[in-house]
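Below is one structure, written out as structure tokens; comments come after it.
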Amino acid sequence: MSNFDQIVQLIADDLAAVEARLTEETASEYSFVDMAVQHVVEGGGKRLRPILVVLSAKVCGYAGSDAHTLAAVVELIHVASLVHDDVLDEAAIRRGRETLHAKWGNKVAVLVGDYLHARVLSMLVSRRADDPAMAILADTTQAMCEGEVIHAYKSGDFDISEAEYLKIISFKTGKLITASCTLGAHLGTTDPKQIEALTVYGQQIGTAFQIVDDVLDFAENPDKLGKNTFGDLREGKLTFPIIYARSVCNEDEKQMLEKVLNPNTDETEAIAFVESLFQRYGVENYCLKVAQGYADRAKAALAILPQTDARLALQQLADYVVSRES
Ligand code: FPP
Ligand code: MG
């Protein structure tokens with residue numbers, strides 16, 4: 001059994017409770033709304049963010065059911081953001097299923113994303129008013145939107161720097177992963193050192209997660225990945241591997257790279273060129289090494305937390321984020 005499966009098994013009861021929350025909280029009495037919403041809410045995903053909430057709460061000594069509500073909340077924010085992201089990226093497949101906009105059109109996809117946000121607000125207001133979750137999630141959602149807007153705005157900028165890109169991904173992906181850990185920590189402790197440790201852990205694995213996501217876009221097996229490959233390339237999106245390749249290749253290759261990132265270039269030609277460039281400069285290895293650096297810093301941040309199964313699971317999860325194939 002893989003480490004990830006063992007982690008899932010360790011908190012299987014919690015995850016079952018989260019699934020139940022997800023289903024009951026998103027149900028609509030209108031059958032088409034319900035069908036469209038359940039298409040994206042049920043199954044398919046790894047539930048990484050809920051796992052982080054549950055483990056972060058546990059490692060800080062919390063064992064109550066509020067972790068399930070917050071885990072469902074962060075997953076719904078994530079699902080809503082993916083539904084909208086797939087509209088922006090014109091992606092056809094997500095979590096092994098046809099995307100919502102591909103199946104029912106942009107209008108339905110935008111509105112289902114909005115519906116999920118409305119459910120999130122409703123779940124949050126039904127909780128304690130003095131709880132930090134509202135402020136953390138308001139800030140998180142804002143940063144995710146800002147990250148996506150800046151990424152979209154910068155999408156034609158061939159000269160975007162690695163530092164600028166890392167900042168964007170810390171917003172669009174890192175913030176919700178970080179919030180998942182911080183929220184879990186708040187459930188179990190008021191000790192600022194423990195909360196900070198889990199926040200740093202989340203920030204580091206968030207960046208590692210997106211770097212690996214960028215690498216997986218060039219993966220060989222779309223079925224395993226649950227979404228189409230080469231989507232970023234097709235869109236001319238500069239991601240971490242491309243930014244690195246651009247910084248190490250020669251002038252001719254750089255010009256060619258800029259050319260193949262133009263969505264009008266023949267796709268087969270673009271893929272062949274980028275694959276050979278990646279091979280020549282060891283791009284995948286470099287990216288995975290950088291991602292592992294983030295994972296290692298994430299693990300180091302856990303050192304001040306009690307040595308429990310939950311802490312061990314968080315350590316393993318950091319490595320899984322880098323070694324995953326989907
Ligand atoms: C996937 O990135 C997308 C995100 C991590 C964030 C999406 C955020 C928004 C659409 C902003 C709106 C957010 C809310 C909460 C309303 P990707 O395209 O690099 O990854 P992919 O390959 O999985 O699509
Ligand atoms: Mg996308």
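In each ligand, atom 1 is the first atom listed, and ligand 1 is the first ligand listed. Along the sequence shown, residues are numbered consecutively beginning with 1.
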Suppose the cut-off is 2.8 Å; how many protein N/O/S atoms fall inside it around the Mg ion (ligand 2)?
2
Identify all N/O pairs between ligand 1 and the protein with a separation under 3.5 Å and present them as a table of atom names and distances.
residue, atom, partner, partner atom, Å
ligand 1, 2 (O), Lys172, NZ, 3.2
ligand 1, 18 (O), Asp85, OD1, 3.4
ligand 1, 18 (O), Asp85, OD2, 2.9
ligand 1, 18 (O), Asp89, OD2, 2.8
ligand 1, 18 (O), Lys237, NZ, 3.1
ligand 1, 19 (O), Lys172, NZ, 2.7
ligand 1, 19 (O), Gln210, NE2, 3.1
ligand 1, 20 (O), Asp213, OD2, 3.2
ligand 1, 22 (O), Asp213, OD2, 3.3
ligand 1, 22 (O), Lys227, NZ, 3.0
ligand 1, 23 (O), Arg94, NH1, 2.7
ligand 1, 23 (O), Arg94, NH2, 3.4
ligand 1, 23 (O), Lys227, NZ, 2.6
ligand 1, 24 (O), Asp85, OD2, 2.9
ligand 1, 24 (O), Arg94, NH2, 2.7

Could you tabulate the donor-acceptor pairs under 3.5 Å formed by side-chain atoms of residues 70-78, not counting sequence neighbours?
residue, atom, partner, partner atom, Å
Glu75, OE2, Arg47, NH1, 2.8
Glu75, OE2, Arg95, NH1, 3.4
Glu75, OE2, Arg95, NH2, 2.9
His78, NE2, Arg49, NH1, 3.2

For the residue pair [X] and [Y], establish whether any side-chain heavy-atom pair is separated by less than 4.5 Å.
X      : Y      : result
His84  : Glu148 : no
Leu238 : Leu261 : yes
Met35  : Phe32  : yes
Asp213 : Arg324 : yes

Taking the six-membered ring for Trp and the full ring for Phe, Tyr or His, determine whether the centres of Tyr165 and His151 are under 6.0 Å apart.
yes
Got a sec, which residues hit side chain to side chain donor-acceptor pair (under 3.5 Å) with Thr182, two or more places apart in sequence or on another chain?
Thr199
Ala298 and Tyr201 have their tightest heavy-atom pair at O-CD1, 3.3 Å
So, for Tyr115 and Thr26, which heavy atoms are closest and what is the spacing to 0.1 Å?
OH-O, 3.0 Å
